[in-house]
J.: 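Got a structure here, written out as structure tokens. Questions coming.
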Amino acid sequence: MTVRVSRTFEFDVPGERIWEFIADPEKRAGAISVVDSFDIHDEQRATWHVQLPIPLINSTVKVETQDVLREPPTRVKFEGRSKALRVTGEHTITETDGGCKLKNEFVVDGKLPGVEQFFKRNLDAELDNLEAALRADISGE
């Protein structure tokens, strides 16, 4: 079973300001609650140490992430792979009259029992976390 979530956020700032956040692998990883820690390798690659509260996983899972598409300043797509899951995320920025919109699409394919059910229950909340982190970043908090 594959879990998919899409959501669009609207901002009253130019798209370049949103790009600064969304193209930064450290800021993206920091916005996800199950990412316990992360190692940034370069502008497009990072290792996420993901803590999933499911029975078969007793420690963190290393998820190797990499940007697979970058179209500055409007679009970034990344993939993450591990023994437990595969995740893809895509962020697309479009300008509006008063600012911009950010379309977010995430797909999680679990490879171990319980992974997909966890994300089915929690992926929407992770998008709430992303939106909150973006808004805090914009306001300078």
Side-chain angles (χ1 to χ4, degrees), residues 1-96 98-141:
M1 181 172 111
T2 300
V3 179
R4 297 176 190 274
V5 175
S6 296
R7 193 177 318 158
T8 301
F9 310 139
E10 294 190 32
F11 299 96
D12 59 358
V13 297
E16 292 84 14
R17 181 65 183 89
I18 301 304
W19 176 258
E20 291 172 16
F21 182 99
I22 215 65
D24 184 329
E26 183 172 346
K27 289 182 179 181
R28 278 195 320 248
I32 302 169
S33 70
V34 293
V35 175
D36 187 53
S37 63
F38 52 87
D39 303 308
I40 304 299
H41 306 299
D42 58 37
E43 187 177 86
Q44 297 182 358
R45 295 180 311 112
T47 301
W48 297 353
H49 303 276
V50 176
Q51 181 69 47
L52 297 176
I54 60 175
L56 292 177
I57 300 176
N58 295 324
S59 64
T60 59
V61 174
K62 286 184 5 178
V63 180
E64 299 298 332
T65 67
Q66 179 175 346
D67 290 355
V68 294
L69 176 68
R70 287 176 75 89
E71 296 173 353
T74 60
R75 189 170 165 216
V76 63
K77 181 177 183 176
F78 71 91
E79 282 186 349
R81 296 178 182 266
S82 76
K83 295 177 190 176
L85 61 100
R86 179 174 179 260
V87 60
T88 58
E90 187 167 359
H91 307 282
T92 305
I93 301 165
T94 55
E95 297 292 332
T96 63
C100 67
K101 290 183 181 181
L102 175 65
K103 181 179 180 185
N104 305 279
E105 297 181 317
F106 287 89
V107 178
V108 177
D109 291 312
K111 296 180 181 179
L112 294 176
V115 171
E116 288 167 343
Q117 286 301 317
F118 172 80
F119 281 104
K120 186 175 182 180
R121 289 189 313 271
N122 295 291
L123 195 53
D124 202 51
E126 293 300 340
L127 282 171
D128 291 341
N129 295 340
L130 176 65
E131 181 179 16
L134 267 160
R135 294 197 186 279
D137 189 71
I138 290 168
S139 69
E141 294 177 6

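One-based numbering along the sequence shown.
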J.: Once side chain to side chain donor-acceptor pair (under 3.5 Å) is applied, do any residues pair with N129, and if so which ones, sequence neighbours excluded?
T.: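 Side chain to side chain donor-acceptor pair (under 3.5 Å) list for N129, sorted by chain: E126.
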J.: Could you pull out all residues at least two apart from D124 that satisfy salt bridge (Lys or Arg N to Asp or Glu O under 4.0 Å)?
T.: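 So D124 forms a salt bridge (Lys or Arg N to Asp or Glu O under 4.0 Å) with R7.
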J.: Check whether any side-chain heavy atom of T92 sits under 4.5 Å from a side-chain heavy atom of L102, and report yes or no.
T.: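 No, every pair of side-chain atoms sits at 4.5 Å or beyond.
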J.: Between H91 and F9, does the ring centroid distance fall short of 6.0 Å?
T.: no
J.: State which residues pass side-chain contact (heavy atoms from CB on, under 4.5 Å) with K120; sequence neighbours excluded, sorted by chain then number.
T.: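 Expected list: M1, V3, Q117.
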J.: Tell me, which pairs form a ring-ring contact (aromatic ring centres under 6.0 Å, His included) where one or both residues lie in residues 21-50, sequence neighbours left out?
T.: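 Non-adjacent pairs meeting ring-ring contact (aromatic ring centres under 6.0 Å, His included): W48-F78.
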J.: T94 vs T74, test: side chain to side chain contact (heavy atoms under 4.5 Å, CB included). Steps then yes/no.
T.: CA-CA 7 Å; T94 55; T74 60; over 6 Å; no
J.: Is there a donor-acceptor pair closer than 3.5 Å between any side-chain N or O of R28 and the backbone N or O of I22?
T.: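 The answer is yes, because a donor-acceptor pair under 3.5 Å joins these two groups.
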J.: Between I138 and I18, is there a side-chain heavy-atom distance shorter than 4.5 Å?
T.: yes
J.: With sequence neighbours excluded, tell me which residues meet side chain to side chain donor-acceptor pair (under 3.5 Å) with K77.
T.: none
J.: Given side chains that start at C-beta, do those of V115 and L52 come closer than 4.5 Å, heavy atoms only?
T.: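 Counting from C-beta outward, V115 and L52 do come under 4.5 Å.
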J.: Going by salt bridge (Lys or Arg N to Asp or Glu O under 4.0 Å), name the residues that satisfy it together with D42, two or more places apart in sequence or in a different chain.
T.: R45
J.: Test side chain to side chain contact (heavy atoms under 4.5 Å, CB included) on T8 and N104 and set out the steps.
T.: CA-CA 6 Å; T8 301; N104 305 279; 6.0 Å; no
J.: Checking E43 now: which residues fulfil side-chain contact (heavy atoms from CB on, under 4.5 Å) with it, not counting sequence neighbours?
T.: R70
J.: Work out which heavy atom in V35 is nearest to a heavy atom in A29; give both atom names and the distance.
T.: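 Reported closest heavy-atom pair: CB-O, 3.7 Å.
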J.: Mind checking whether V50 and T60 have side chains closer than 4.5 Å, heavy atoms only?
T.: no
J.: Is any side-chain heavy atom of D137 less than 4.5 Å from a side-chain heavy atom of L134?
T.: no
J.: Minimum heavy-atom separation for I93 to C100, with atom names?
T.: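 Heavy-atom minimum between the residues: CG2-CB, 4.1 Å.
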J.: Side chain to side chain contact (heavy atoms under 4.5 Å, CB included) between L130 and I32: does it pass, once the steps are laid out?
T.: CA-CA 7 Å; L130 176 65; I32 302 169; over 6 Å; no
J.: Check whether any side-chain N or O of T65 sits under 3.5 Å from a backbone N or O of A46 as a donor-acceptor pair, and report yes or no.
T.: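 Yes, the answer is positive, given that a donor and an acceptor are paired below the 3.5 Å cut-off.
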J.: By side-chain contact (heavy atoms from CB on, under 4.5 Å), which residues pair with E105, not counting sequence neighbours?
T.: S6, E90, K103
J.: Quick one: OG1 on T96 to CG on D12, what's the gap to the nearest 0.5 Å?
T.: 9.0 Å
J.: With sequence neighbours left out, write down each residue that passes salt bridge (Lys or Arg N to Asp or Glu O under 4.0 Å) with E131, or none if nothing qualifies.
T.: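 Applying salt bridge (Lys or Arg N to Asp or Glu O under 4.0 Å) to E131 gives R135.
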J.: Go through the structure and list residues passing side chain to side chain donor-acceptor pair (under 3.5 Å) with E26, not counting sequence neighbours.
T.: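 Side chain to side chain donor-acceptor pair (under 3.5 Å) list for E26, sorted by chain: empty.
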J.: Counting N and O atoms only, with roles assigned by atom type, does the side chain of N122 sit under 3.5 Å from a partner on the main chain of F118, one being a donor and the other an acceptor?
T.: yes
J.: Has E95 got a side-chain atom pairing as donor or acceptor with G15's backbone, closer than 3.5 angstrom?
T.: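 Looks like yes, one N/O pair under 3.5 Å.
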J.: Got a sec, which residues hit salt bridge (Lys or Arg N to Asp or Glu O under 4.0 Å) with D39, two or more places apart in sequence or on another chain?
T.: none
J.: Taking only residues two or more places apart in sequence, or in another chain, which ones meet T88 in a side-chain contact (heavy atoms from CB on, under 4.5 Å)?
T.: E79, R86, V107
